[in-house]
A.B. asks: 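Below you'll find the structure I mean.
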Amino acid sequence: MGDRTCIVDLARMLNLGPTTVWRLIKRKIIKPHSSPLHPGISEACKMARIRWAIRLIMDYTIPQEPTYYSMYDFIHIDEKWFYLTQKNQRVYLANNDPYPHRSASSRTKIPKFMFMAAVAIPRWGENGECEFDGKIGIFPFTNAIAAKRTSKNRLKGTIETKPVKSVNQIETRAMMINKLLPAIKAKWPPHEGEKVIYIIQDNAKAHILQNDPEWQLHYKQDGFTFVLTQQPANSPDCNILDLGIFRSIQSLMHKKMPKTVEDLSGAVYDSFNELHPKTLSNVWMTLQFVSK
């Protein structure tokens, strides 16, 4: 394969001229192919995926008609960096439109914020109306800091939004207890009796576990019981945010063309709110299809 990485090397290996090889490519007798590098999955991870998928199936439906649980008590959470802009942005122009000029102080250090998003399955009424859109919230890891000195951009003491430099367990725990849990209680649809909510997260080091001492002080409140559950390792497709929701939010966000970091935060909020509940339902269905 090392002799097939360019037309010149391939022509030398086949004892042909480069032009002849180029014609063969145009006739599709030889086809170019970009070989992606796939992550290696161990046997233990594969077995963990299978066990995870089996646990999502109702026992009494096996083996006749395996049916997934409704997952109405599941909430998926995850974190993602949202960048102020892209290095390359495709736009379509008329013949007389000037080329847009985009500039930044650095192509490699584009301003970015990390957000934690939480979503559940939307609920639909008998007439097809949306009773619960499934969007719990999206929360930025940022701090409001007063400017220490006056500059041409702002006066001393002006409150600026700064991203958290290191998102660790301390920041994640505070975000979940102070932002996520109140949002769930405020937006969760009415339900009789005790409400047990399973919060699905990946295995990132910054995440906390159910036995975290401080979490144990808050996981039961106001009739809710919140249970932290880890998805299988090396399995981003088991989380609907990685499966499709983040890509949808990012696509909507870049259409707004934010100019400042404050605009970036607002653009992400607006894109999350504009996301159609049907899109969210479709990704949940895709999750069940992927788990088969």
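Note that the coordinates shown come from a computational prediction; the quantities given were computed from them, not determined experimentally. Residues take their numbers from the sequence shown, with the count starting at 1.
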A.B. asks: Assess the pair Phe115 and Phe82: is the distance between their ring centroids shorter than 6.0 Å?
C.D. replies: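 Ring centres of Phe82 and Phe115 closer than 6.0 Å.
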
A.B. asks: Please confirm whether the backbone N or O of Lys46 pairs with a side-chain atom of Arg51, one donor and one acceptor, at under 3.5 Å?
C.D. replies: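 Not confirmed, Arg51 side chain does not pair with Lys46 backbone.
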
A.B. asks: Could you tell me which residues satisfy side-chain hydrogen bond (donor to acceptor under 3.5 Å, both in side chains) with Trp124, sequence neighbours excluded, listed by chain and number?
C.D. replies: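 By the side-chain hydrogen bond (donor to acceptor under 3.5 Å, both in side chains) rule, Trp124 matches Ser281.
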
A.B. asks: Report the distance from atom CD1 of Ile138 to atom NZ of Lys179, rounding to the nearest 0.5 Å.
C.D. replies: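 Rounded to the nearest 0.5 Å, the CD1-NZ separation comes out at 12.0 Å.
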
A.B. asks: Quick check for you: to the nearest 0.5 Å, what is the distance between Gln288 atom CD and Ile57 atom CD1?
C.D. replies: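 It is 10.0 Å, given to the nearest 0.5 Å.
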
A.B. asks: Under a 3.5 Å distance rule, please check whether Asn282 uses its side chain to pair with a backbone N or O of Lys278 as donor and acceptor.
C.D. replies: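 Pair found, side chain donor or acceptor close to backbone of Lys278.
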
A.B. asks: Taking atom CE as the centre, does Met13 end up with more than 12 heavy-atom neighbours from other residues, nucleotides or ligands that are less than 6.0 angstrom away?
C.D. replies: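 For Met13, atom CE is crowded (more than 12 foreign heavy atoms under 6.0 Å).
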
A.B. asks: Measure centre to centre between the rings of Tyr72 and Phe74, then say whether the value is under 6.0 Å.
C.D. replies: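 No, the ring of Tyr72 stays outside the 6.0 Å limit from the ring of Phe74, centre to centre.
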
A.B. asks: Is the side chain of Lys135 donor-acceptor paired with the backbone N or O of Leu275 at a distance under 3.5 Å, no angle test?
C.D. replies: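 Side chain of Lys135 to backbone of Leu275: a pair is present.
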
A.B. asks: Check step by step if side chain to side chain donor-acceptor pair (under 3.5 Å) holds for Gln221 and Lys185.
C.D. replies: CA-CA 9 Å; Gln221 48 183 284; Lys185 292 189 294 182; 2.4 Å; yes

A.B. asks: Salt-bridge test for Arg173 and Asp212: reply yes if a basic N is under 4.0 Å from a carboxylate O, no otherwise.
C.D. replies: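 Looking at Arg173 and Asp212, the cut-off is met.
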
A.B. asks: Please name all residues satisfying salt bridge (charged side-chain N to carboxylate O under 4.0 Å, His left out) with Asp263, sequence neighbours left out, ordered by chain then number.
C.D. replies: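 Result, salt bridge (charged side-chain N to carboxylate O under 4.0 Å, His left out) vs Asp263: none returned.
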
A.B. asks: Check this for me: Tyr69, atom OH, are more than 12 non-hydrogen atoms of other residues, nucleotides or ligands nearer than 6.0 Å?
C.D. replies: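 More than 12 heavy atoms, drawn from other residues, nucleotides or ligands, come within 6.0 Å of this atom.
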
A.B. asks: Would you call Glu171 and Lys165 a salt bridge, taking side-chain N to carboxylate O under 4.0 Å as the test?
C.D. replies: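 Salt bridge flag = no for Lys165 with Glu171.
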
A.B. asks: Between Gln210 and Thr229, is there a donor-acceptor pair closer than 3.5 Å when you use the side chain of the first and the backbone of the second?
C.D. replies: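 A pair under 3.5 Å: no.
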
A.B. asks: Donor-acceptor check, side chain of Gln169 to backbone of Lys205, threshold 3.5 angstrom: yes or no?
C.D. replies: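 Judged by distance alone, yes, a pair lies under 3.5 Å.
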
A.B. asks: Using atom types as modelled and distance alone, determine if a side-chain donor or acceptor of Thr172 lies under 3.5 Å from a backbone N or O of Asn168.
C.D. replies: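 Yes, Thr172 side chain to Asn168 backbone: donor-acceptor pair under 3.5 Å.
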
